[in-house]
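Structure first, commentary second.
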Amino acid sequence: MKIVQRFKKIAISTVLTLIMAPSAYVAAEDTYRIDTEGMHAFVQFRVKHLGYSWLYGRFDLFEGEFVYDAKDDSKNQVAVTVDITSLDSNHSERDKHLKGKKYLNAGKYGQAKFESTKYETLSEGKAKLTGNLTLLGVTKEIVLDVEVIGGGDDPWGGYRQGFEGKTTISAADFGVDASAGTVELIWSVEGVRKD
């Protein structure tokens, strides 16, 4: 009889634990909104200028979400849409030139999109992210080297996760004038977990 009573107590305790702390028993993956409102995310690029120096720029307007599960790569995914017209290289005349028909043709192709197809953990804090980049109406597969920067509670009662991804693309592959050469993309992303 005592064994039965003890079993009932354990069973009741387990049920109460599940009710009081459900987050520990649901799927581990979480969906995050990229924090563009607080400007804790950046889509940047750099290209060589005449082969003598680096020209840096960024896109000020973009949005996206990602799903992240530290224990199951198959659940990890990201989707980002970038407003090409928001290009900023810290020089207005150059920005007009880069957004013109010779390069990004922002008047016709106002958006670029990236959608992941595979996430692969390589080692502690390192991963590869494969996906499709659509730029100037052309879609190509790219691979980003990812650094998992970290995650945790923020001061406003939320939970955040941060990454940085880097890759190099050939501008000509997307129909951009070949004089642009190769372009390095740097995506620094901090996401706020959605409730």
Side-chain angles (χ1 to χ4, degrees), residues 32-68 73 76-120 122 125-149 161-191:
Y32 296 79
R33 174 187 49 80
I34 295 174
D35 185 13
T36 54
E37 183 179 334
M39 289 309 296
H40 294 115
F42 303 88
V43 175
Q44 302 169 102
F45 65 89
R46 72 175 192 166
V47 295
K48 283 192 175 176
H49 180 246
L50 303 175
Y52 308 140
S53 63
W54 287 105
L55 164 67
Y56 286 81
R58 66 180 189 270
F59 295 95
D60 291 331
L61 300 176
F62 58 95
E63 61 183 11
E65 292 185 350
F66 62 87
V67 175
Y68 182 64
D73 286 353
N76 297 339
Q77 54 188 299
V78 60
V80 180
T81 300
V82 178
D83 183 344
I84 297 299
T85 66
S86 71
L87 180 147
D88 186 348
S89 69
N90 205 33
H91 189 282
S92 60
E93 288 303 311
R94 179 172 55 222
D95 293 348
K96 290 178 186 177
H97 185 54
L98 293 175
K99 288 186 275 189
K101 291 183 179 179
K102 183 177 180 180
Y103 293 108
L104 292 176
N105 200 358
K108 184 175 181 180
Y109 302 103
Q111 289 186 336
K113 294 185 178 182
F114 175 80
E115 292 185 351
S116 66
T117 56
K118 182 181 179 182
Y119 181 95
E120 180 185 4
L122 302 178
K126 302 292 182 183
K128 283 194 178 293
L129 180 67
T130 303
N132 294 317
L133 174 64
T134 301
L135 180 65
L136 281 83
V138 177
T139 301
K140 297 280 186 182
E141 183 178 85
I142 64 171
V143 179
L144 291 94
D145 295 317
V146 174
E147 177 187 359
V148 182
I149 298 173
Q161 185 71 45
F163 303 86
E164 184 167 87
K166 297 179 180 179
T167 192
T168 301
I169 63 172
S170 169
D173 285 350
F174 293 89
V176 179
D177 189 285
S179 65
T182 57
V183 181
E184 293 187 17
L185 301 175
I186 307 102
W187 297 351
S188 300
V189 173
E190 182 177 304

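Below, all heavy atoms of this structure are taken into account, side chains as well, without hydrogens, waters or symmetry copies. These numbers were taken from a predicted model, which means no experiment stands behind them.
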Open item on the list: Return the NZ to NZ distance between K108 and K101, rounded to the nearest 0.5 Å.
Closed with: 9.0 Å

Task: Reported NZ-to-OG1 distance for the pair K113 and T139, which is rounded to 0.5 angstrom - done: 10.0 Å

Open item on the list: Apply side-chain contact (heavy atoms from CB on, under 4.5 Å) to residues K48 and W54 and explain how you reach the verdict.
Closed with: CA-CA 5 Å; K48 283 192 175 176; W54 287 105; 3.5 Å; yes

TODO: Give me the one residue out of I169, T134, L104 that meets side chain to side chain contact (heavy atoms under 4.5 Å, CB included) with F174.
DONE: I169

- [ ] Could you tell me whether the side chain of K140 reaches within less than 4.5 Å of the side chain of L133, counting heavy atoms only?
- [x] no

Task: Parallel, tilted or perpendicular: rings of F59 and F45 (30°, 60°) - done: tilted

- [ ] Measure the shortest side-chain to side-chain distance between E120 and K118 over non-hydrogen atoms and say whether it is less than 4.5 angstrom.
- [x] yes

- [ ] Would you indicate whether the side-chain heavy atoms of Y119 and V78 approach each other to under 4.5 Å?
- [x] no

Open item on the list: Give me the atom names and distance for the closest heavy-atom approach of I84 to A112.
Closed with: CD1-CB, 3.7 Å

- [ ] Say whether, by atom type as modelled, one donor and one acceptor occur between the side chain of T167 and the main chain of V143 under 3.5 angstrom.
- [x] yes

TODO: Using a 4.5 Å cut-off on heavy atoms from C-beta on, say whether the side chain of V82 contacts that of W187.
DONE: no

Open item on the list: Just verifying a value: how many Å separate D95 CG and T85 OG1, rounded to the nearest 0.5 Å?
Closed with: 11.0 Å

- [ ] Compare all side-chain heavy atoms of V189 with those of Y32 and state whether any distance is below 4.5 angstrom.
- [x] no

Task: pair N76-F66: side-chain heavy atoms closer than 4.5 Å - done: no

Open item on the list: Looking at every heavy atom in both S86 and L61, which two are closest together, and how far apart are they?
Closed with: OG-N, 3.0 Å

Open item on the list: Measuring from atom CG of N105 to atom CG of D177, what distance do you get when rounded to the nearest 0.5 angstrom?
Closed with: 12.0 Å

- [ ] Could you please spell out the steps behind the side chain to side chain donor-acceptor pair (under 3.5 Å) verdict for E63 and T81?
- [x] CA-CA 6 Å; E63 61 183 11; T81 300; 5.3 Å; no

Open item on the list: Please check if the number of heavy atoms outside E37 that lie under 6.0 Å from its CD is greater than 12.
Closed with: no

Open item on the list: Would you compute the distance between atom CD1 of I142 and atom CG of L129 and round it to the nearest 0.5 angstrom?
Closed with: 8.0 Å

TODO: Would you sort out whether V148 and Y68 count as a side-chain contact (heavy atoms from CB on, under 4.5 Å), showing the intermediate values?
DONE: CA-CA 11 Å; V148 182; Y68 182 64; 4.0 Å; yes

TODO: Compare all side-chain heavy atoms of T117 with those of N132 and state whether any distance is below 4.5 angstrom.
DONE: yes

- [ ] Identify the heavy atoms of I186 and E184 that sit nearest to each other, and give their distance.
- [x] CD1-O, 4.0 Å

Open item on the list: Nearest 0.5 angstrom please: H97 NE2 to L87 CG, how far?
Closed with: 11.5 Å

TODO: Might you point out which heavy atoms bring A180 and A171 nearest each other, and give the distance in Å?
DONE: CB-CB, 3.7 Å

Open item on the list: If only side-chain N and O atoms count, and only distance matters, is there a donor-acceptor pair under 3.5 Å linking E164 with S188?
Closed with: yes

Open item on the list: Would you say that Q161 contacts E190 through its side chain, given a criterion of any heavy-atom pair below 4.5 Å between the two side chains?
Closed with: no

Open item on the list: Between L144 and L185, does the side-chain contact (heavy atoms from CB on, under 4.5 Å) criterion hold? Intermediate values first, please.
Closed with: CA-CA 9 Å; L144 291 94; L185 301 175; 5.9 Å; no

